[in-house]
Amino acid sequence: MASSSPRATITACERFLPDRILTNEDIERTVDTSDEWIRERTGIAERRILDDQPTSFMATEVAKGLLRRRGISGDDIDLILVATITPDMVCPSTACLVQDRIGASKAWAFDLLAACSGFVYALVTGAQFITSGTHKRVIVIGADRMSAITDPTDRSTCILFGDGAGGVLLEASEDDSGLIDFELHADGSGCDDLNVPGGGSLWPATKQTVEQRLHFIRQEGRTVFKFAVQRMAEVSLSLLQRNELTPQDLDLFVPHQANQRIIDATANKMKIPADRVMSNIKHMANTTAGTVPIALSEAFDEGRLQPGNLVQLTAVGGGLTWGSALLRWGTAA
Ligand code: ACO
């Protein structure tokens, strides 16, 4: 990034979580599993479930919260980006629905699909419009209603996911805070490891696709597990190294929340002390594009993010996609 360009800095962060809690004990009543197994293998105790509302509802609540925290209106926004794999509809984008509901009359809007890496991809994308000087304020949201695409009868996936959304407001930095650097990757040869096959142009929705349960998320759990640990550690270390930093320089590491064992193994590989690793998976489970901004917003509200702090975000997800972003925390609302 050219040193003369302003950095894109986070000036507000927000999250939205549905009220309804689905505990492991609740799931014990529907599939052959146990609270003990789920906690031991994933670290998850409960997840939030959104009833009778689509993803845009959560994303709009986040956008409204960002405007409220910053004391601005929808008209002050230039671009809205929503990372999601559970859009309300195939078309239009969920971002356009948010744009309308917050009265962002001057903003353009689009969705970005990179599954669990969606927020990191979207943050980096949104930041380019700030750094280039073309936009003043960009809203970046990660939102997923995973309960809409999770098979409640599949014990290997139904225990893992929850619903939720988080987001940030990006503006030009007046100091050295903001997005320092990033590294993003994709490998489409991993398509079969993690996907939702039905409902697109390959398998348009039919009675058969519904009967074959093709509209639900499927994964090769062990393959994804190993890939996640290896890639999150690798990309995070690579990004630190090229900025002449080490994991010991980090004030907070915010990894994608897929499994507590994945978080622990990644942190161990990188030798980051546990107290500098953000984890909320016990209560939120995996909210896909929502995990990183929800964790960031929680950390901020808990006072774990102070001006000047060095923060690293890292994620891996369907695509396969993975990446990391390095930030200097500024003054946020
Ligand atoms: N309850 C009880 N037993 C179960 C359950 C369950 N909910 N699910 C699977 N099992 C059984 C399996 O059938 C298997 O039994 P078997 O040995 O008789 O065949 C046994 O438990 C072990 O199964 P594994 O799949 O090897 O269990 P593992 O320790 O790998 O845990 C898990 C499975 C939790 C899915 C893990 O592989 C994982 O977290 N993978 C990452 C996947 C992920 O997070 N995907 C989300 C999207 S991508 C992302 O966010 C990065």
A.B. asks: Show the nearest heavy-atom pair for residues Ile263 and Ser279, with the distance to one decimal.
C.D. replies: CD1-OG, 4.1 Å
A.B. asks: Is there a donor-acceptor pair closer than 3.5 Å between any side-chain N or O of Arg155 and the backbone N or O of Asp32?
C.D. replies: yes
A.B. asks: Just wondering, do Val229 and Val316 contact through their side chains at under 4.5 Å, heavy atoms?
C.D. replies: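 Result no, sub-4.5 Å side-chain heavy-atom pair not found.
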A.B. asks: Any donor-acceptor pair under 3.5 Å linking the side chain of Arg276 with the backbone of Leu250?
C.D. replies: yes
A.B. asks: Quick one: closest heavy-atom pair of Thr150 and Thr157, and the distance?
C.D. replies: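 Smallest interatomic distance, heavy atoms only, reads CG2-O, 4.0 Å.
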A.B. asks: Identify the residue among Val140, Val311, Leu296, Leu169 that makes a side-chain contact (heavy atoms from CB on, under 4.5 Å) with Ile10.
C.D. replies: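 Between Ile10 and the candidates, side-chain contact (heavy atoms from CB on, under 4.5 Å) is satisfied uniquely by Leu296.
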A.B. asks: Could you pull out the closest heavy-atom pair between Cys158 and Asp151, with the gap in Å?
C.D. replies: CB-O, 3.4 Å
A.B. asks: How long is the gap from OG1 on Thr55 to CE on Met89, to the nearest 0.5 Å?
C.D. replies: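 That separation rounds to 11.0 Å.
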A.B. asks: For Ala143, does its backbone N or O pair with a side-chain atom of Thr84 as donor and acceptor, under 3.5 Å?
C.D. replies: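 Yes, Thr84 side chain to Ala143 backbone: donor-acceptor pair under 3.5 Å.
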A.B. asks: Is it true that, when you exclude Glu174 itself, more than 12 heavy atoms of the residues, nucleotides or ligands shown sit nearer than 6.0 Å to its CD?
C.D. replies: no
A.B. asks: Hey, does the side chain of Tyr121 reach the backbone of Trp322 with a donor-acceptor pair shorter than 3.5 angstrom?
C.D. replies: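 Answer holds: no.
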A.B. asks: I'd like to know if the side chain of Ser132 and the backbone of Phe129 have a donor-acceptor N/O pair within less than 3.5 Å.
C.D. replies: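 Yes, the answer is positive, given that a donor and an acceptor are paired below the 3.5 Å cut-off.
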A.B. asks: Got Thr291 and Met284 here, is their nearest side-chain heavy-atom distance under 4.5 Å?
C.D. replies: no
A.B. asks: Just by modelled atom types, is the Val138 backbone N or O under 3.5 Å from a matching donor or acceptor in the Asp78 side chain?
C.D. replies: no
A.B. asks: So, the side chain of Asp100 versus the backbone of Cys96: is there a donor-acceptor pair under 3.5 Å, distance only?
C.D. replies: no
A.B. asks: Going by atom types alone, do Thr314 and Ser236 pair a side-chain donor with an acceptor below 3.5 Å?
C.D. replies: yes
A.B. asks: Side chains of Asp175 and Ser177: do they bring a donor and an acceptor to under 3.5 Å?
C.D. replies: yes
A.B. asks: So does Arg70 pair up with Asp76, basic N to acidic O under 4.0 Å?
C.D. replies: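 Result for this pair is no, no salt bridge flagged.
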A.B. asks: When rounded to the nearest 0.5 angstrom, what is the spacing between CD in Gln257 and CE in Met278?
C.D. replies: 7.0 Å
A.B. asks: Check the side chains of Asp88 and Ser56 for a donor-acceptor pair under 3.5 angstrom, ignoring hydrogens and angles.
C.D. replies: yes
A.B. asks: Does any donor atom in the side chain of His215 or Thr209 lie under 3.5 Å from an acceptor atom in the other side chain?
C.D. replies: yes
A.B. asks: So, Thr94 side chain and Pro87 main chain: donor-acceptor pair closer than 3.5 Å or not?
C.D. replies: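 Checked: no pair found.
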A.B. asks: Hey, mind stepping through Val62 and Ile139 against side chain to side chain contact (heavy atoms under 4.5 Å, CB included) and telling me if it holds?
C.D. replies: CA-CA 10 Å; Val62 168; Ile139 284 181; over 6 Å; no
A.B. asks: Does the pair Leu310 and Ile180 meet the rule for a side chain to side chain contact (heavy atoms under 4.5 Å, CB included), with working shown?
C.D. replies: CA-CA 10 Å; Leu310 188 65; Ile180 299 168; 3.7 Å; yes
A.B. asks: Is there side-chain contact between Leu240 and Met270, with heavy atoms separated by less than 4.5 Å?
C.D. replies: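 With C-beta onward as the side chain, the pair touches.
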A.B. asks: Assess whether atom CD of Gln241 is packed by more than 12 heavy atoms of other residues, nucleotides or ligands within 6.0 Å.
C.D. replies: no
A.B. asks: Checking the side chain of Thr266 only, and the main-chain atoms of Ile262 only, is there a donor and an acceptor separated by less than 3.5 Å?
C.D. replies: yes
A.B. asks: Is Phe110 close to Thr125 at the side-chain level, that is, under 4.5 Å between some pair of heavy atoms?
C.D. replies: yes
A.B. asks: Determine, stepwise, if the pair Leu160 / Ile38 fulfils side chain to side chain contact (heavy atoms under 4.5 Å, CB included).
C.D. replies: CA-CA 9 Å; Leu160 296 174; Ile38 301 169; over 6 Å; no
A.B. asks: Can you tell if the side chain of Arg15 reaches within under 4.5 Å of the side chain of Asp301, non-hydrogen atoms only?
C.D. replies: yes
A.B. asks: Of all the heavy-atom pairs spanning Thr288 and Met146, show the shortest one and how long it is.
C.D. replies: OG1-SD, 3.1 Å
A.B. asks: side-chain contact (heavy atoms from CB on, under 4.5 Å) with Leu327: which of Leu305, Asp181, Leu313, Asn309?
C.D. replies: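 With Leu327 as partner, Leu305, Asp181, Leu313, Asn309 yield a single side-chain contact (heavy atoms from CB on, under 4.5 Å), made by Leu313.
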A.B. asks: State whether the number of non-hydrogen atoms from other residues, nucleotides or ligands found under 6.0 Å of Asp51 atom CG is greater than 12.
C.D. replies: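 Yes, CG of Asp51 has more than 12 neighbouring heavy atoms, counting only those of other groups under 6.0 Å.
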A.B. asks: Sub-3.5 Å donor-acceptor pair from the side chain of Arg145 to the main-chain atoms of Gln53, do we have one?
C.D. replies: yes
A.B. asks: Going by heavy atoms in the side chains, are Met58 and Pro18 under 4.5 Å from each other?
C.D. replies: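 Of all side-chain heavy-atom pairs linking Pro18 with Met58, at least one is under 4.5 Å.
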A.B. asks: Distance from Phe119 atom CZ to Leu81 atom CG, nearest 0.5 Å?
C.D. replies: 10.0 Å
A.B. asks: Taking Asp144 first and then Arg47, would you say they form a salt bridge - that is, a charged N and a carboxylate O separated by under 4.0 Å?
C.D. replies: no
A.B. asks: Can you confirm whether Glu244 is buried at CD, in the sense that more than 12 heavy atoms of other residues, nucleotides or ligands lie under 6.0 Å from that atom?
C.D. replies: no
A.B. asks: Write down the atom of Val31, the atom of Pro152, and the distance for their closest heavy-atom approach.
C.D. replies: CG1-O, 3.3 Å
A.B. asks: Checking Ser147 against Asp163: is there a side-chain donor and acceptor pair closer than 3.5 Å?
C.D. replies: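 Side-chain D/A pair, Asp163 to Ser147: present.
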A.B. asks: Less than 4.5 Å apart, any side-chain heavy atom of Ile159 and any of Arg41?
C.D. replies: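 Side chain of Ile159 against side chain of Arg41, heavy atoms only: no contact under 4.5 Å found.
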A.B. asks: Please report the shortest heavy-atom distance between Ala12 and Ala332, naming the atom on each side.
C.D. replies: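 Distance-wise, the nearest heavy atoms are N-CB, 4.2 Å.
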A.B. asks: Should we say atom CH2 of Trp108 is surrounded by more than 12 heavy atoms from elsewhere, each under 6.0 Å from it?
C.D. replies: yes
A.B. asks: With a 4.5 Å heavy-atom cut-off, do Lys282 and Arg39 have their side chains touching?
C.D. replies: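 Heavy-atom side-chain distance check passes, below 4.5 Å.
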